[in-house]
2 protein chains.
Amino acid sequence: MLACKRLRTQFITFTPLLFVSTTIYDIAERADVSTATVSRVFNDESGVSEDTRQHVLDAAAALNYRPHASAQNLARQHTNQIAVVAPVVANYFYMHVMRGIQHALADRDMDLMVHAPANPQDRIHEQPDPKSLNTYMARALQPGRNDGILLLSMPLTDEWADRLAETSRAVVLVDGEHPRFESFAVDSREGGYKATQHLIDRGYERIGHITVEYDPPPARYRREGYEQALRDDNRAVQDKLIAASDERPFAFSEKGGYRAMTTLLGRKPRPDAVFAASDMQAMGAMQAAHENDLRVPEDLAIVGFDDLELSRCAGLTTLRQPARTMGTRATRTLLRRIEAAGAPPVSSTVFSPELVVRRTCGERPESEAASPGFVLRDQ
Amino acid sequence: MLACKRLRTQFITFTPLLFVSTTIYDIAERADVSTATVSRVFNDESGVSEDTRQHVLDAAAALNYRPHASAQNLARQHTNQIAVVAPVVANYFYMHVMRGIQHALADRDMDLMVHAPANPQDRIHEQPDPKSLNTYMARALQPGRNDGILLLSMPLTDEWADRLAETSRAVVLVDGEHPRFESFAVDSREGGYKATQHLIDRGYERIGHITVEYDPPPARYRREGYEQALRDDNRAVQDKLIAASDERPFAFSEKGGYRAMTTLLGRKPRPDAVFAASDMQAMGAMQAAHENDLRVPEDLAIVGFDDLELSRCAGLTTLRQPARTMGTRATRTLLRRIEAAGAPPVSSTVFSPELVVRRTCGERPESEAASPGFVLRDQ
DNA sequence: CTGAAAGCGCTAACAA
DNA sequence: TTGTTAGCGCTTTCAG
């Protein structure tokens, strides 16, 4: 029986290009035990005499043995991998979230896969077609790929939610919400309200807004908060003060904000303040203002949303999202669901975004007069 | 034979908690063909009559079939996954590199794993012990985990290089170099030289340097460039003008720069200019300067290394690394090596870092007088 | 064009 | 404590 396994060793002699690593059979043979025993010393730890265990370990060391991940995954029926799927991998906000994820993964013997749209042309914030099989989303859902999925800012149609539930895999949402899944997000509506309220308090007259065209939930709620604040102050919501970014692949980007701001500045009357749906958009808006010889905040006040590190050095007034914390908590929850066979009740935790006042809203914050200043957080 | 596979369906009835997805056997049965045929329609595309192919596809659709990734990986002996291993996942520089990686992966049907040290206490820039089996590095090397590895800023001892070569897997280095592997990096020594030279040209007298304690190659070369520039100007290299960050997990960080700068400012004579080994360190240094009531650049000039987006808005003079390009090119090379069975000659490509002058070095760059300004790159 | 069957490397009952 | 053996789900010769 072992003989048939030995063939592989022959094989490698004939085609040296194809590398074959040493297997459990090789070390079973060398340690003169069964493969089951070898497997045991590499897993259970228990039920193996100290003597044979040492033999096995020696053989493994001598042959430089490492278990084959795919084989383990197949046999165990789980992968010890979790996936994060997001509209863009490399983005400031997600970077902060990833820090939290990594933190929660520490010492957990779990690996991390990242899935993001391959084609930058896609309107990634829109849900890919659930039918299509090769989207980044579909890949993450493929059986045998991971034990659980972290969805970052992914809007969920019911169709997709069904698909996710069908796979009966652990799923946790970050910066998103759905009744069927655990979620961690900031109250975007509250944030939009606070931002706008602040601008109102500061005496601005024509408060504009930069949003996202395809209207993903976070952007939608921020806009709703903006509109509510206006109404609560007995102001009308004016379409001409609102511009939407349709930048691809990521409308929350700098470039999107730049374009939207440019649009806004081309209309009459010009806004004298703007609340942007993201910090990066706010950055782009500042750039646009500069190009139009408008000073920030004298001619145009700006408030963003996120509170990236970058925003601090730019002196941007913004609404803080606890990105890292969200990542950590979401991951912990995911891990718990993966481990717990049953299905504990779903809860959604919502954070309250905190207004961080800096200079782009026309205020001179006491502590940060001499910008740039930095918070020293741990990596 | 198919009968034994059917058991699984029974099984699921008894233990509904364990989810079992539909397999190739299920659809073979339904379409009344062999599993080989099913496999063929999902792979080859060829050698199957249009008729049966349609049957199979119908059955697959009806049963909502998706191939099991682990099983494919095991049978095919490759995973269609590449891994990136880096000292920190979520870091500005790596984020830019990741953009490039993602870009190169577009439409390639490849997935991305990220491996980074689990324990933030580790001195991650030092090589983990090649003997230990459960480090992030070892995990990336496990057989059956990936088809190729991208090493970001990972210093390579010969021992590790051996281990890597042993697995005969495709390996490409980014921001690092080793004779045995393909690599993409910036000439750090040249960068250090240029930075220092610039400061000399601007008339600074006591030019300090912030480096990294455990002396990873990029930091080492930057320091060497710094020292060389000093010597070429007939100046002595003074230890008291150099401070090393030993911040963990990542000494190139803001916090590391902050601490090193604080140390430097505690010594006499104080430097009147500082070249930091990274932009984030430079940011920390600026913070330290502010806390000591020193104005930048009047009292202290600062030059960084990287040219992150953030640096632009901070007005930081720095040396630009083409991070995104490095990511893209490295990934393309990796993919090529994975596909090509043979071993094409190893080449190492070195980019020349470009000096980007902004205001922290006391210069008033023409184009960016009204900072913050931003480049509008695509996401 | 299609099917039978032997793996891929490991795990986990079940028996001994 | 250890070995036998039947899978995990898919791929891939090799016949037919």
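Chain A is the first sequence line, chain B the second, and so forth, proteins listed ahead of strands; every chain is numbered from 1.
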A:Glu182 (side chain) donor-acceptor with A:Ala330 (main chain) under 3.5 angstrom: no
Taken in chain and number order and not counting sequence neighbours, the residues that satisfy side chain to side chain donor-acceptor pair (under 3.5 Å) with B:Asn80 are none
Residue pair B:Thr23, B:His68: steps toward the side-chain contact (heavy atoms from CB on, under 4.5 Å) verdict: CA-CA 8 Å; B:Thr23 75; B:His68 191 282; over 6 Å; no
Determine whether a donor-acceptor pair (N or O, by modelled atom type, separation under 3.5 Å) exists between the side chain of A:Gln142 and the backbone of B:Arg66. no
Pick the closest DNA chain D nucleotide for B:Thr37 and for B:Ser70 by heavy atoms, then say which residue is nearer the 5' end. B:Ser70
Could you state the NE2-C1' distance from B:His78 to C:dG9, rounded to the nearest angstrom? 16 Å
Please give, in whole Å, the distance from D:dT1 P to A:Asp32 CG? 19 Å
Given axes from five pairs at either end, by how many degrees does the helix from C:dC1-D:dG16 to C:dA16-D:dT1 bend, rounded to 10°? 30°
Quickly work out the B:Leu74 CG to C:dC8 C1' distance and round it to whole Å. 4 Å
Is any side-chain N of the basic residue among A:Asp58 and A:Arg30 closer than 4.0 Å to the acidic one's carboxylate O? no
Are OP1 or OP2 of D:dG9 and a side-chain N or O of A:Gln77 less than 4.0 angstrom apart? yes
For A:Ser183, all residues meeting side chain to side chain donor-acceptor pair (under 3.5 Å), sequence neighbours excluded: none
Length of the CG-C1' vector between B:Asn73 and D:dT12, whole Å: 16 Å
When rounded to whole Å, the CG to P distance for the pair B:Leu63 and D:dG9 reads 14 Å
Between P on C:dG9 and CG on A:Asp26, what's the gap in Å once rounded to a whole number? 9 Å
How many whole angstroms separate atom CZ of B:Arg145 from atom P of C:dG9? 16 Å
Could I get the full list of side chain to side chain contact (heavy atoms under 4.5 Å, CB included) partners for B:Ala31, not counting sequence neighbours? B:Val33, B:His55, B:Val56, B:Ala59
Judged by atom type as modelled, is there a donor-acceptor pair below 3.5 Å linking the side chain of A:Ser39 to the main-chain atoms of A:Thr35? no
Any carboxylate oxygen within less than 4.0 angstrom of a Lys/Arg side-chain nitrogen, looking at B:Arg180 and B:Asp158? no
Looking only at side chains, do A:Asp147 and A:Thr79 share a donor and an acceptor under 3.5 Å apart? yes
Below 4.0 angstrom, which residues in residues 47-55 of chain B have at least one non-hydrogen atom near DNA chain C? B:Gly47, B:Val48, B:Ser49, B:Thr52
Distance alone, cut at 3.5 Å: any donor-acceptor contact between the side chains of A:Ser34 and A:Thr37? yes
Within the pair A:Ser34 and D:dG3, is there a side-chain N or O less than 4.0 Å away from OP1 or OP2? yes
Return a single string for nucleotides 11-16 of chain C, one symbol per nucleotide in 5' to 3' order, where B is base contact, S is sugar-phosphate-only contact and - is none, cutoff 4.0 angstrom on heavy atoms. BBB---
Whole angstrom value for the distance that separates C1' of C:dG3 from CD of B:Glu29: 16 Å
